[in-house]
Amino acid sequence: MRILVTGGAGFIGSHLCRRLLKEDNEVICLDNFFTGNVRNLEDLLSDTRFTVVEQDVTEPIDMQGIDQIYNLACPASPVHYQYDPVKTIRTNVMGAINVLDLAKRNEAVVLQASTSEVYGDPAVHPQTEAYWGNVNPIGVRSCYDEGKRAAETLFFDYHRQYGVKIKVQRIFNTYGPNMQTDDGRVVSNFIVSALTGKDITIYGKGLQTRSFCYVGDQVEGMIRMMNSDPSFTGPVNIGNPYSEVTMLELAERIIALTGSASSIVFGELPKDDPKKRRPDISLAEKVLGWSPATSLEDGLKETIAYFAKIVKD
Ligand code: NAD
Ligand code: UDP
């Protein structure tokens, strides 16, 4: 198949491109390299079935013969999506319109990398797909949260109005190799600090929870979702409900696994930071036969090994 991956040079996108090439597809990676890095794709560049197109997803996409589109283009770390919030919402809304128009012209299936952030600071725990969420529409996180919600709306309207074949996947906190050292998300921040002997900064008291999914499991879910029965549009939660931890527990585990002498310090809690998050994955289990296979311990070990190499270089 000929497959387009927008945001393919980023953390999850680079793993997805690698996996799709391994399965003998032709892969086009479209990226503006805002948070992506060509280093994530270095080993793929000599593959003749792989093409990298430097383009912004907010510009119309002119391509032919595309069978599948994975739309991942969007900065995912709060630090990066709040850097230029107007650009973030443009990326989500214009990006969705552009990939949906492309899917419509090519009669391709298009998958949206949505997010658990559509649930905001959830009043229901764990979160099922039926929950409509608790999102501040005017806060500092809304450029991302509302952008992703608007993108879901566009996906379902293109589906109802034009019959475009859609898949919507709600990704819960995912981590692993190929995150940037300056990504700003919690797993990479804690690991890099632990490995370099710097203080590990917990925002707030560290009692907020997240459920961490290893990138290999996330990509497996994505591929199963894309290739699921055409009548199944989602939204579907993909995340690891068995690894819900507080940020304090996460810091302690990373210190233990790295044998670090770093101290834990406390900083200010960012505005609208969700207090807890855990996916209900019954739908993914039932329809996709998917559940996470990697424990937090094993995933953290892989990620620490990756960053240990980067930090050394
Ligand atoms: P990432 O920041 O590493 O990757 C995003 C990629 O998109 C980067 O390569 C970046 O350069 C590219 N990009 C950003 N804006 C663009 C634009 N306007 N045009 C073209 N390319 C653009 O993030 P990630 O963790 O790999 O996330 C990938 C997708 O998954 C994102 O859509 C994100 O919202 C979603 N997601 C990720 C997580 C997670 O925990 N990692 C959770 C929920 C949702
Ligand atoms: N966090 C933290 N220290 C950091 C980075 C993040 O304590 O160096 C906290 C953050 O406030 C949030 C949690 O870790 O409560 C997860 O943050 P991240 O940005 O990784 O993801 P998100 O909040 O988008 O789920």
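Counting starts at 1 for both ligands and their atoms, following the listed order. For this chain, numbers begin at 1 and follow the sequence in order.
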Validation row: Met63, Leu30 side chains within 4.5 angstrom (heavy atoms):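 Yes, side chains in contact.
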
Would you check if Trp290 and Val236 make a side-chain contact, meaning some heavy-atom pair closer than 4.5 Å?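 Trp290 vs Val236: side chains apart.
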
State whether the shortest distance between N or O atoms of [X] and N or O atoms of ligand 1 falls below 3.5 angstrom.
X      : result
Ile171 : no
Gly36  : yes
Asp183 : no
Ile12  : yes
Asp56  : yes

Heavy-atom pairs closer than 4.0 Å: do any link ligand 1 to the side chain of Ser114, the backbone, both, or neither?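 Under 4.0 Å from ligand 1, Ser114 contributes backbone atoms alone.
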
So which bit of Phe33 gets within less than 4.0 Å of ligand 1, heavy atoms only: side chain, backbone, both or neither?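 The backbone, only.
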
What is the distance from atom CG of Asp145 to atom OG1 of Thr88, rounded to the nearest 0.5 Å?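 One finds 11.0 Å between CG of Asp145 and OG1 of Thr88.
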
Sub-4.0 Å heavy-atom approach of Gln55 to ligand 1: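 Yes.
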
His80 to ligand 1, any heavy atom closer than 4.0 Å: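 Not so, His80 does not reach ligand 1.
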
Going by heavy-atom distance to [atom], choose the closest among [options].
atom                    : options                    : answer
atom 24 (O) of ligand 2 : His80, Arg141, Arg185      : Arg141
atom 21 (O) of ligand 2 : Asn173, Leu207, Val186     : Asn173
atom 29 (C) of ligand 1 : Asn71, Thr88, Leu72, Leu30 : Leu72

Does a salt bridge link [X] with [Y], judged by any charged N lying under 4.0 Å from a carboxylate O?
X      : Y      : value
Arg170 : Glu152 : yes
Asp56  : Lys87  : yes
Glu107 : Lys165 : no

Name the closest protein heavy atom to [atom], giving the residue it belongs to and the distance to 0.1 Å.
atom                    : result
atom 40 (O) of ligand 1 : Thr174 N, 2.8 Å
atom 14 (C) of ligand 1 : Cys74 N, 3.5 Å
atom 13 (C) of ligand 2 : Met247 SD, 3.7 Å

Has ligand 2 got any nitrogen or oxygen that is less than 3.5 angstrom from a nitrogen or oxygen of Arg277?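 Yes; the residue has a nitrogen or oxygen that sits under 3.5 Å from a nitrogen or oxygen of the ligand.
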
Regarding Gln180 and Asn178, is there a side-chain donor-to-acceptor distance under 3.5 Å anywhere?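 Not at all, the side chains of Gln180 and Asn178 share no donor-acceptor pair under 3.5 Å.
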
Which bit of Pro270 is near ligand 2, meaning a heavy atom under 4.0 Å away: side chain, backbone, both or neither?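 Under 4.0 Å from ligand 2, Pro270 contributes side-chain atoms alone.
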
